[in-house]
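Residue indices begin at 1 and follow the sequence shown.
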Amino acid sequence: MTGQILDSTLERLGVAPADHRDLMASRPRDTVLRDQIETTADGIAQTLGQRNVRPRLAEPPDGADPFYFAHVCLALLPAVRRYHRDRGIPDEISWATLSALASNLARHRRIYGIGGLDGPQWVVRVYRGLVYRLGRLVFERTELGPQVAAVRPGYGAADPALGVHIPPAGPLTPELSDDAFGQVVPFFARHFPEDVLTVAHCRSWLLDPQLADYLPDTSNLVRFARRFRPLGDGDAGDSAIVRWIFEVPNPAELDTLAPSTTLERAVLGHLQAGHHWRVRLGWLELPH
């Protein structure tokens with residue numbers, strides 16, 4: 001990708017000025033590094049749209065800068081854009097989805113104070129054509145999974161389902177959630193008719209029912225969580241919730257955190273009282 005094309009691409013993706021500058025400066029000029037990035041991207045491109053394939057990301061080569069996987073995603077961009085066009089994905093949804101790169105670049109800078117890509121595995125899934133942003137929420141073509149299949153007679157763990165993800169992009173109001181879920185079935189029926197979708201699931205600290213002990217019933221987060229039917233006891237979630245809410249590196253020193261919102265005070269107070277948070281799994285029936 002030439003410097004001029006990269007510049008316009010980063011602008012179209014909504015990359016913040018500091019990350020834009022650093023990505024332009026870190027554009028691989030060394031032949032060996034450039035070939036490695038392109039080889040990695042070509043290998044991932046072979047799995048475009050394949051929800052049952054999980055390519056493992058190789059470690060960056062010695063001496064690679066923090067933007068290595070961002071450049072891998074940029075090398076993937078032409079392939080995933082072709083895939084979107086072939087599937088008939090509207091341009092505005094395609095670019096809104098692919099802006100996950102910009103969001104995760106910005107999040108890395110907020111957490112660590114320097115440039116880099118937060119959650120490269122997630123951004124690569126987006127750039128494999130598995131993930132689509134529909135309004136306020138993000139939906140991933142995935143599988144039902146054993147826990148959900150166990151409560152759905154006649155379904156198997158490998159059957160198609162949608163994973164629900166909540167990007168950090170402002171209020172999560174019921175109206176915005178309703179709008180996103182309302183787009184799901186027609187969107188995937190039109191662009192991925194091979195998937196017979198009846199269920200969506202979400203795995204997040206947002207689904208921990210303990211949040212309702214601290215937040216009012218009218219809270220957007222509480223109302224969102226109550227859309228889902230919980231399954232199992234979940235996994236340890238202290239690090240996940242602290243990192244997400246306070247945007248600090250793991251592990252965080254609790255006494256250095258300065259809560260300023262009701263949610264932040266609830267998260268921190270719960271931990272300081274010796275309690276723990278859980279990452280919970282929940283599922284819901286998709287509207288038809």
Side-chain angles (χ1 to χ4, degrees), residues 13 44-55 73 76-101 103 122-167 169 172-204 206-207 223-231 281-288:
L13 289 168
I44 296 171
Q46 301 307 310
T47 72
L48 280 173
Q50 299 179 36
R51 60 180 174 79
N52 58 344
V53 175
R54 294 173 176 84
C73 289
L76 270 170
L77 184 64
V80 72
R81 285 283 293 152
R82 284 193 299 272
Y83 179 76
H84 284 176
R85 287 193 294 270
D86 290 345
R87 284 284 179 167
I89 307 296
D91 240 21
E92 63 272 19
I93 292 178
S94 174
W95 285 112
T97 297
L98 297 171
S99 71
L101 177 64
S103 299
W122 165 249
V123 183
V124 167
R125 285 188 351 238
V126 174
Y127 276 61
R128 288 179 57 220
L130 296 173
V131 176
Y132 295 92
R133 180 154 188 176
L134 303 177
R136 179 63 182 84
L137 300 175
V138 169
F139 298 90
E140 179 181 8
R141 295 178 63 232
T142 185
E143 299 173 350
L144 206 58
Q147 285 182 275
V148 180
V151 297
R152 299 277 295 167
Y155 289 83
D159 286 345
L162 291 178
V164 182
H165 304 271
I166 308 98
L172 185 62
T173 66
E175 294 77 16
L176 290 174
S177 296
D178 286 344
D179 173 71
F181 280 113
Q183 296 181 56
V184 164
V185 172
F187 175 86
F188 285 95
R190 182 179 305 116
H191 303 294
F192 298 94
E194 68 272 27
D195 290 348
V196 179
L197 297 167
T198 61
V199 167
H201 52 66
C202 180
R203 188 184 298 274
S204 173
L206 269 172
L207 272 58
R223 288 191 285 184
F224 180 81
R226 287 178 176 161
R227 294 173 181 267
F228 295 86
R229 306 180 199 182
L231 285 174
L281 172 67
W283 67 282
L284 55 74
E285 300 272 1
L286 288 169
H288 286 279

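The minimum heavy-atom distance between V185 and P287, with the atom names listed, is CG2-O, 2.8 Å. Shown here for G129 and V80, the closest heavy-atom pair between the two residues is N-CG2, 3.9 Å. Nearest heavy-atom pair, A169 versus R133, reported as atom, atom and distance to 0.1 Å: CB-NH2, 3.5 Å. Residues A157 and P146 share a closest heavy-atom pair of CB-N, 3.7 Å. Shortest non-hydrogen contact noted between A149 and L144 is CA-CD2, 3.8 Å. The shortest heavy-atom contact between L172 and S177 is CD1-OG, 3.7 Å.
Interatomic distance, L76 CG to L48 CG, rounded to the nearest 0.5 Å: 7.0 Å. Expressed to the nearest 0.5 Å, how far CD1 of I89 lies from CZ of R85 amounts to 12.0 Å. The OG1 atom of T173 sits 11.0 Å away from atom CZ of F224, with the distance rounded to the nearest 0.5 Å. Here the CD-NE2 distance, from E143 to H201, works out to 8.5 Å after rounding to the nearest 0.5 Å.
Side-chain contact check for I93 versus H191: every heavy-atom pair is 4.5 Å or farther apart. The closest side-chain heavy-atom distance from L281 to L231 is below 4.5 Å. At a threshold of 4.5 Å between non-hydrogen side-chain atoms, the residues D195 and F188 do not count as touching. V199 has its side chain out of reach of L286: every pair of non-hydrogen atoms, C-beta onward, lies at least 4.5 Å apart. Residues H84 and L98 form a side-chain contact, since some pair of their non-hydrogen atoms from C-beta on lies under 4.5 Å apart. Taking 4.5 Å as the limit, every side-chain heavy atom of R229 sits out of range of all side-chain heavy atoms of L284. By the 4.5 Å heavy-atom criterion applied to side chains, R125 and R54 are not counted as neighbours. A heavy-atom distance below 4.5 Å is not found between the side chains of I44 and Y127.
Without hydrogens or angle criteria, R227 side chain to P174 main chain gives a donor-acceptor distance under 3.5 Å. Although no hydrogens or angles enter the test, the distance criterion places no donor-acceptor pair under 3.5 Å between the side chain of S204 and the main chain of L207. Put simply, the side chain of R141 never gets that close to the backbone of V131: no donor and acceptor are under 3.5 Å apart.
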Legend entry - Test log, rule side chain to side chain donor-acceptor pair (under 3.5 Å), inputs T47 and R128: CA-CA 7 Å; T47 72; R128 288 179 57 220; 2.7 Å; yes
Inset, instruction - Test T198 against R152 for side chain to side chain donor-acceptor pair (under 3.5 Å), laying out the working first. - result: CA-CA 10 Å; T198 61; R152 299 277 295 167; 3.1 Å; yes
Inset, instruction - Under the side-chain contact (heavy atoms from CB on, under 4.5 Å) rule, what do I166 and V138 come out as? Steps first, then yes or no, please. - result: CA-CA 6 Å; I166 308 98; V138 169; over 6 Å; no
Inset, instruction - Kindly indicate, with the supporting measurements, whether the criterion side-chain contact (heavy atoms from CB on, under 4.5 Å) is fulfilled by L197 and F192. - result: CA-CA 10 Å; L197 297 167; F192 298 94; over 6 Å; no
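The pair R203-E140 does not count as a salt bridge, with every side-chain nitrogen at least 4.0 angstrom from each carboxylate oxygen. With salt bridges taken as basic N to acidic carboxylate O contacts below 4.0 Å, none links R136 and D179. Using a 4.0 Å cut-off between charged side-chain N and carboxylate O, D86 and R81 make no salt bridge.
Sorted by first and then second residue, the pairs that involve residues 134-157 and meet ring-ring contact (aromatic ring centres under 6.0 Å, His included), not counting sequence neighbours, are F139-F181.
In summary, the aromatic rings of Y132 and H165 are positioned with their centroids too far apart to meet the 6.0 Å limit.
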